[in-house]
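Reviewing the structure listed below.
All residue numbers refer to positions in the sequence shown, counting from 1.
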Amino acid sequence: MVFRYFNACGADKEAETGEWHTPESHLIPNILKVATGEKETFQMFGTDFPTSDGTCVRDYIHVEDLADAHLLGLKHLLSNGESKFFNLGSGSGYSNKQVLRSSQNGDR
């Protein structure tokens, strides 16, 4: 199986695994650091993209959904299924400003 994905995000539900690196440069972890008081301010970079609000648009997919896709792909191959190509994502893009606004509004 060939899986194509670019914007994996999140951690496992028990918060035992996930992203940890210094310095943190990714959008969602930085928003969460401000929300939890771990970081005082949030700074957005890149506001001159040719999008409706000027910030880049990304199709995010949760890491647990990626793990499920890999398991399903493996099961398919182990049952002599044909290898295929898949794009993995939600099918909807969200701009950096949309992600930031949803965090401020308490959206999920």
Side-chain angles (χ1 to χ4, degrees):
M1 291 298 194
V2 177
F3 296 128
R4 182 174 184 243
Y5 52 92
F6 296 99
N7 297 285
C9 65
D12 71 291
K13 290 177 185 163
E14 288 78 35
E16 294 175 357
T17 60
E19 268 185 58
W20 260 274
H21 47 82
T22 303
E24 181 57 74
S25 61
H26 295 113
L27 177 70
I28 295 172
N30 276 316
I31 290 171
L32 293 173
K33 284 181 179 229
V34 173
T36 60
E38 189 177 334
K39 189 175 174 183
E40 196 169 312
T41 60
F42 174 80
Q43 186 175 6
M44 185 173 300
F45 299 97
T47 56
D48 59 353
F49 287 82
T51 61
S52 63
D53 65 16
T55 63
C56 66
V57 173
R58 300 286 184 255
D59 182 350
Y60 292 97
I61 183 168
H62 196 275
V63 292
E64 288 185 347
D65 293 328
L66 290 175
D68 289 343
H70 283 268
L71 289 173
L72 289 169
L74 181 60
K75 287 179 186 178
H76 177 76
L77 293 174
L78 290 173
S79 65
N80 296 317
E82 179 184 352
S83 184
K84 298 179 181 185
F85 291 84
F86 291 96
N87 290 324
L88 301 177
S90 68
S92 298
Y94 297 93
S95 75
N96 284 352
K97 284 186 180 178
Q98 286 176 307
V99 173
L100 179 59
R101 276 193 301 271
S102 71
S103 71
Q104 293 168 333
N105 296 334
D107 295 347
R108 296 187 188 266

Checklist outcome for this item: On a heavy-atom basis, the closest approach of Ser90 and Asp59 is OG-OD1, 2.7 Å

Does one hydrophobic cluster hold both [X] and [Y], with members joined at side-chain heavy-atom distances below 4.5 Å?
{"X": "Phe6", "Y": "Tyr94", "result": "no"}
{"X": "Leu77", "Y": "Leu72", "result": "no"}
{"X": "Val63", "Y": "Ile61", "result": "no"}

Taking [Y]'s backbone N and O only, do any of them form a donor-acceptor pair with [X]'s side chain (distance below 3.5 Å, no angle check)?
{"X": "Gln43", "Y": "Phe45", "value": "no"}
{"X": "Thr55", "Y": "Ser95", "value": "no"}
{"X": "Asn30", "Y": "Glu24", "value": "yes"}

Side-chain contact test, heavy atoms from C-beta onward, threshold under 4.5 Å: evaluate it for [X] versus [Y] and give yes or no.
{"X": "Thr51", "Y": "Gln98", "result": "no"}
{"X": "Asp65", "Y": "Tyr60", "result": "no"}
{"X": "Ile31", "Y": "Leu100", "result": "yes"}

Checklist entry - Which of parallel (below 30°), tilted (30 to 60°) and perpendicular (above 60°) describes Phe86 and Phe3? => result tilted

Next on the checklist: Nearest 0.5 Å, please: how far is SG in Cys9 from CD in Glu64?
Outcome noted: 11.0 Å

Next on the checklist: Return the CG to NE2 distance between Leu88 and His70, rounded to the nearest 0.5 Å.
Outcome noted: 6.5 Å

